[in-house]
Protein chains: 2
Amino acid sequence: MTDERHPASLRSASVRPGKPGANPLFLRDEELRQGIEMLFFAYRDFTSEPDAILATLKLGRAHHRALYFIGRYPGCTVSELLDVLKITKQSLSRVLGQLVEEGYVEQTQGQRDRRQRLLELTEKGRSLERELTENQRQRFARAYREAGAEAVAGFRAVMLGMMSDSEDRLRFDGENGA
Amino acid sequence: MTDERHPASLRSASVRPGKPGANPLFLRDEELRQGIEMLFFAYRDFTSEPDAILATLKLGRAHHRALYFIGRYPGCTVSELLDVLKITKQSLSRVLGQLVEEGYVEQTQGQRDRRQRLLELTEKGRSLERELTENQRQRFARAYREAGAEAVAGFRAVMLGMMSDSEDRLRFDGENGA
DNA sequence: AAATTTACGTCAGCATTGTTGACATATATG
DNA sequence: CATATATGTCAACAATGCTGACGTAAATTT
């Protein structure tokens, strides 16, 4: 290291975040910025290990998302998946096409409405989804365990408040959380 | 809607997440999956408005990240920024090059080590960063206000637990949080 | 003083994943 | 029968990651 500072140098004396100064809003600003940064770091790390597994299969994060939600809502339609992911049908179509072609996902015609393609994971798909998501589950399990039940409730409340769409919030509106 | 179900149809009776069944781990699994999904939805919405602003300027999310952290740590080096973002120097170089060329960021030679390029926002850069981040700050402000101080502490504890790198956790280790 | 390492940059190519726009087909609905 | 809906497809483009190779200046080590 040429730099005499510690690796975590951005925290150290020579470089300080922001300008405390005489700003009366500093505490609030600092608190909000820490929230922004925590979300960034947490999400970055949350996705990194599944991404590494996916890369060995020549798949990407978008494939994980599709696998995840199809596994979560077996028999869901393409429209419903689009609504969850909030991407264009062309983007999803590409990803879904690959997953079907490689045998991770099966499509069956809707009985109620035969225009619909109902989506389900194959055994191969379930297996991959489990492998990918297991890492994220464990990350949450550890974080939840270390933080405690009260913290989990707080986390959930903040996350709900971050969502734009009340439809999305409703997915979690049970008295549950456990 | 051809589909007789409510728009939030993935929650309704016809399609249910998972298979409760006789699995004794169901509650835990459900709790962890809700965490995964909340993080996904929150992050998706957290980034969407800044992304829309960036698009009008022919910039992307990566530019926002760079602007954000340069604004946060004025005078930081390229290496430090790489360490925070955890991307390759080639990826950052492209983004940083554009930001410098378009007058959002200035580079000055390090005094201690003249190989270093110390990064700072110009007034134009500060202005854009403020505009982009303001949306995210307000989102946090609202979520924090609605959830309450105790929830914020819980949120922070869970987020810290999600991070892989203890160096990152140390960025938040003050007795603060406010 | 010479050798090596470090900080940073550059060029080239490639993959993933998002976008827009246009067009097609089958099915459902009024 | 007309129209709307669910889905798919082709094409092109942009942002943002990646790898690999190579280069230069400054600091550090031997």
Side-chain angles (χ1 to χ4, degrees), chain A residues 1-5 7 9 43-44 47-48 50-67 75-83 85-102 105 107-119, chain B residues 1-5 7 9 43-44 47-48 50-67 75-83 85-102 105 107-119:
Chain A
M1 267 256 202
T2 291
D3 193 331
E4 72 274 20
R5 289 180 281 164
S9 53
Y43 198 79
R44 184 199 62 186
T47 51
S48 67
D51 281 359
I53 298 172
L54 286 157
T56 70
L57 301 172
K58 302 222 171 198
L59 298 175
R61 194 181 296 177
H63 300 94
H64 184 192
R65 287 181 186 145
L67 286 172
C76 73
T77 66
V78 173
S79 287
E80 288 165 340
L81 199 49
L82 283 173
D83 205 58
L85 298 173
K86 296 223 204 300
I87 58 176
T88 60
K89 67 174 177 175
Q90 294 93 328
S91 292
L92 178 58
S93 193
R94 185 167 40 201
V95 164
L96 217 44
Q98 290 167 280
L99 292 174
V100 169
E101 183 160 351
E102 296 176 33
V105 169
Q107 290 175 314
T108 65
Q109 200 172 49
Q111 64 300 349
R112 204 179 36 256
D113 182 336
R114 289 183 306 176
R115 291 171 304 182
Q116 296 178 332
R117 266 74 160 183
L118 307 187
L119 303 169
Chain B
M1 262 259 203
T2 291
D3 193 329
E4 72 274 23
R5 289 180 282 160
S9 54
Y43 197 79
R44 184 199 62 186
T47 51
S48 67
D51 281 359
I53 297 172
L54 287 157
T56 70
L57 301 172
K58 302 224 171 196
L59 298 175
R61 196 181 296 178
H63 299 94
H64 185 191
R65 287 180 187 146
L67 286 173
C76 73
T77 67
V78 173
S79 286
E80 288 165 340
L81 198 49
L82 283 172
D83 205 58
L85 298 173
K86 297 222 202 305
I87 58 177
T88 60
K89 66 174 177 174
Q90 294 93 329
S91 293
L92 178 58
S93 192
R94 185 167 39 201
V95 165
L96 218 44
Q98 291 167 277
L99 291 175
V100 169
E101 184 159 353
E102 297 176 32
V105 169
Q107 291 176 312
T108 65
Q109 200 173 51
Q111 64 301 350
R112 202 178 39 255
D113 183 336
R114 288 182 307 175
R115 292 171 304 177
Q116 296 178 333
R117 267 74 163 183
L118 307 187
L119 303 168

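Letters go in sequence order (proteins before strands), and every chain restarts at 1. In this text the structure is predicted, and so the values were computed from the model without any measurement.
Atoms CZ (B:R112) and P (C:dC8) sit 10 Å apart, rounded to a whole Å. Between the CD atom of A:Q107 and the C1' atom of C:dA26 there is a distance of 15 Å, given to the nearest Å. As rounded to whole Å, 14 Å separates atom C1' of D:dT9 from atom CD of A:E101. At whole-Å resolution of the value, CG in A:L82 and P in D:dT7 are 8 Å apart. Separating the CG atom of A:D51 from the P atom of D:dT16 is a distance of 16 Å, rounded to the nearest angstrom. Rounding to whole angstrom units, CZ of residue B:R117 and C1' of C:dT10 are separated by 12 Å. The nearest whole Å value for the distance from the CG atom in B:L85 to the C1' atom in C:dC8 is 16 Å. Rounded to an integer number of Å, the gap from A:I53 CD1 to C:dT16 P is 17 Å.
Applying the 3.5 Å distance criterion, the base of D:dT5 shares a donor-acceptor pair with the side chain of A:R115.
Rounded to the nearest 0.5 Å, atoms OG1 (B:T108) and CD (B:Q116) are 10.0 Å apart. A distance of 14.5 Å separates CZ of B:R117 from CG of B:L81, quoted to the nearest 0.5 Å. Taken from CG in A:L92 to NZ in A:K89, the straight-line distance is 11.0 Å, to the nearest 0.5 Å. Distance CZ/A:R94 to OG1/A:T88: 7.5 Å, rounded to 0.5 Å.
Among D:dC22, D:dA26, D:dG17, the nucleotide with an atom closest to any side-chain atom of B:Q109 is D:dA26. Considering only side-chain atoms of B:I87, the nucleotide from D:dA6, D:dC18, D:dA27 that sits closest is D:dC18. When distances run from any side-chain atom of A:K89 to the nucleotides C:dT27, C:dC8, D:dT9, the shortest one goes to D:dT9. Considering only the side chain of A:D113, D:dA6 comes nearest among D:dG8, D:dA6, C:dA7.
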Original post:
Taking it one step at a time, do A:L119 and A:L96 satisfy side-chain contact (heavy atoms from CB on, under 4.5 Å)?
Top reply: CA-CA 10 Å; A:L119 303 169; A:L96 217 44; 4.0 Å; yes
**OP:** In sequence, state the C-alpha distance, the side-chain angles, and the governing distance for A:T77 and A:L118, and then conclude on side-chain contact (heavy atoms from CB on, under 4.5 Å).
**Re:** CA-CA 5 Å; A:T77 66; A:L118 307 187; 3.6 Å; yes
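For A:Q111 against A:R114, the heavy-atom pair with the smallest separation is O-CG, 4.4 Å.
For B:S79, a side-chain nitrogen or oxygen approaches OP1 or OP2 of C:dC8 to under 4.0 Å. The phosphate of C:dA26 has neither OP1 nor OP2 within less than 4.0 Å of any side-chain N or O from A:Q116. Considering only side-chain N and O atoms, B:R65 lies under 4.0 angstrom from the phosphate OP1 or OP2 of D:dG17.
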Donor-acceptor pairs under 3.5 angstrom involving side-chain atoms of residues 55-67 of chain A: please list them, not counting sequence neighbours.
{"unit_1": "A:T56", "atom_1": "OG1", "unit_2": "A:I53", "atom_2": "O", "d": "2.7"}
{"unit_1": "A:R61", "atom_1": "NE", "unit_2": "A:D51", "atom_2": "OD1", "d": "3.3"}
{"unit_1": "A:R61", "atom_1": "NE", "unit_2": "A:D51", "atom_2": "OD2", "d": "3.2"}
{"unit_1": "A:R61", "atom_1": "NH2", "unit_2": "A:T47", "atom_2": "OG1", "d": "3.3"}
{"unit_1": "A:R61", "atom_1": "NH2", "unit_2": "A:D51", "atom_2": "OD2", "d": "2.7"}
{"unit_1": "A:H63", "atom_1": "ND1", "unit_2": "A:G60", "atom_2": "N", "d": "2.8"}
{"unit_1": "A:H63", "atom_1": "ND1", "unit_2": "A:G60", "atom_2": "O", "d": "3.4"}
{"unit_1": "A:H63", "atom_1": "NE2", "unit_2": "A:Q98", "atom_2": "OE1", "d": "3.1"}
{"unit_1": "A:H64", "atom_1": "NE2", "unit_2": "A:T133", "atom_2": "OG1", "d": "3.1"}

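Across residues 90-99 of chain B, B:Q90, B:S93 each have a non-hydrogen atom less than 4.0 Å from an atom of DNA chain C (numbered order). Only at 4.0 angstrom or more do the heavy atoms of residues 56-64 of chain A sit from any atom of DNA chain D, so none qualifies.
Where A:K86 and A:G110 meet DNA chain C, the nucleotide closest to each residue was compared, and A:K86 sits on the side nearer the 5' end.
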